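Structure first, then comments.
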Amino acid sequence: MKPIPPSSGPAEAQSLGASVDGELAPPGQLSRRSFLQGSAALAAAPLILAPRRSEAVVPPSPPTIAWQEFLPNEPALLYGKTLNPPPTELANTAAGEAGRPAHQRWAEFGPQAEHYELHAAQREGWVFNPAYPPQPVWTFQAAYPDLSVLSPVVHSHYGKPMICRIYNDLPANHTGFGTPEISTHLHNAHVGSESDGFPGDYYSANKAGPSLTAPGGFKDHLYSNIYAGYDELQNGIGDYREALGTLFYHDHTLDFTAPNIVRGLMGFFLLFDHLDSGNEKDPNPAALRLPSHPYDYPLSFCDRRFDPNGMLYYDQVSPEGILGDKTIVNGKIQPVLRVARRKYRLRLLNGGPSRFYQFYLVRPNNVIQPFTYIANDGNLLEKPLLNQTNVRLGVAERADIVVDFSRYPLGTELYLANRLTHRPEDTRRPYQVVAPGEWVLKIVVDREPPEQDLSQVPANLRPLPPLPTTAQLAALPVRKFLFERRQNMWAINGQFINLNTPRALVPMGAMEIWELYSVDDGWDHPVHIHFEEGRLLSKTTNGKSVAIAAHEKGRKDVFNISDRTVLRVLMRFRDYKGKYVMHCHNLIHEDHAMMLRWDIV
Ligand SMILES: [Cu+2]
């Protein structure tokens with residue numbers, strides 16, 4: 001048994017004619033090292049120089065104070081705002097827009113789109129924890145921001161296209177890590193590549209990435225909010241079985257995704273439709289009536305490290321990164337969420353950069369409390385998984401769970417505990433599940449709901465599109481991608497990222513099998529493929545077939561590979577053309593070259 005393919009699999013080689021090794025990138029495409037050497041970022045970088053492992057030089061974060069800060073009772077939403085100047089099909093560079101390609105499908109979705117506006121900006125005085133000093137963070141803010149949260153939650157609906165204008169107001173002469181350019185990716189959105197937040201599309205008023213023609217102070221993103229299968233079905237909206245639910249937007253700037261996200265550039269984006277309508281009182285008999293806003297509550301979990309003064313710290317040079325020893329929950333360390341005695345939909349996201357989590361809901365005596373698992377990677381499962389005890393999340397994975405707090409008397413205190421450990425300072429992979437774990441969020445049942453809870457979790461959620469037959473699967477093209485460490489960096493099929501050249505050319509509308517391989521080098525890679533999620537067909541680890549867990553039988557957009565693993569993933573590429581990427585979503589690996597560009601043609 002030899003589960004490792006040659007460095008260029010035969011199927012990929014069919015499209016590899018123009019492949020270029022990342023180290024031989026032409027001048028327009030700076031390597032990470034030369035970029036860092038030429039940028040102010042290095043001058044302002046942390047005081048250490050590229051250790052192989054960071055434990056010798058980075059002390060643990062100073063002690064924090066638990067359960068002193070409260071998350072808002074209601075998630076802060078982003079509201080629409082008429083854009084001025086009005087959005088245009090071609091980039092409005094005269095008005096200061098970055099030089100993007102024309103919006104695809106503009107005539108169908110552009111003129112009637114609803115308008116939204118976000119500003120990537122530095123905000124002073126954010127408090128991660130009362131033990132640490134208030135400090136600057138980078139956030140996506142509304143034009144009139146709610147300063148109690150980092151970035152607002154976007155609610156959007158299938159059939160209602162939207163244009164999100166994202167200004168870059170970050171300080172050009174900032175201090176500390178990160179870079180003040182942005183390219184905002186909407187994770188797993190089904191959109192044209194010019195709106196996808198391609199890593200080479202980074203911009204600021206005076207700097208443009210290699211795939212833009214001009215710098216600019218803002219860039220418009222057209223989110224058509226159609227399901228995949230729009231062209232095929234000709235029904236004006238696509239296949240509702242392909243609906244996405246829990247998405248998140250985050251910076252995706254080439255080489256600087258991790259530091260820019262660590263500084264704060266991330267927020268939730270929720271998509272609703274006639275089934276998952278975001279209205280628990282929906283009179284439509286088809287509506288699922290899951291718990292809805294404000295009882296539909298997104299929670300992000302991110303590992304962070306702080307310096308001895310309690311200031312956010314990040315090592316953007318080390319290719320192994322630094323494992324955060326504090327978990328921020330929506331930007332706060334060990335905050336409290338106060339809930340009403342009723343059902344909640346909690347949307348859990350691992351925002352990275354590196355730590356994996358396995359969450360349990362427990363009482364103060366660590367007795368595990370059950371919940372219902374309804375969506376993985378934001379996609380509703382066919383049927384809810386009842387009486388679950390835990391969810392495991394690799395970086396960028398999501399889990400929607402429903403917790404019924406009406407089971408508890410007022411005053412009940414519960415905790416969300418992470419029982420998954422890493423070895424100290426080790427970003428390689430999770431290690432062991434150890435009870436009782438670390439409590440990262442306190443939940444207090446502190447009030448009766450103002451009205452009767454009409455929400456429910458029906459026995460059937462969203463049907464899955466049928467899989468092809470075995471014979472049909474056997475006839476599909478197969479591409480093989482090997483993820484491994486190479487030259488102290490991270491490679492896919494032996495090559496580092498080069499955004500100028502696609503490594504795979506996929507015909508629009510195609511169905512293919514992508515095989516994701518890992519070697520036995522001690523590293524996990526949560527692999528994310530942009531544009532359309534996939535279906536896990538099989539999983540093999542160390543030569544043995546592994547059963548696909550119930551929560552992974554739906555549509556997924558992050559696939560964790562570990563040990564010597566082969567995942568066979570069914571992929572489709574519908575409705576749009578252009579350039580996209582596949583990458584490891586361990587943000588450190590992503591920034592250290594474990595990414596490739598592929599194009600729909
Ligand atoms: Cu990785």
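As the structure is a computational prediction, the values presented were derived from the model and not from experiment. Counting starts at 1 for both ligands and their atoms, following the listed order.
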Ser211: partners by side-chain hydrogen bond (donor to acceptor under 3.5 Å, both in side chains), with sequence neighbours left out | Asp201
Taking 2.8 Å as the strict upper bound, the Cu ion (ligand 1) has protein N, O or S neighbours numbering 3
salt_bridge(Glu320, Arg485) N-O dist < 4.0 Å = yes
Look at the rings of Phe306 and Tyr132 and say which category their plane angle falls in: under 30° parallel, 30 to 60° tilted, over 60° perpendicular.
-> tilted
How are the rings of Phe359 and Phe301 set relative to one another: parallel (under 30°), tilted (30 to 60°) or perpendicular (over 60°)?
-> tilted
Indicate the ring-plane relationship of His530 and His252, choosing parallel, tilted or perpendicular according to the 30° and 60° boundaries.
-> perpendicular
For the residue pair Tyr314 and Phe177, categorise the inter-ring angle as parallel (less than 30°), tilted (30 to 60°) or perpendicular (more than 60°).
-> tilted
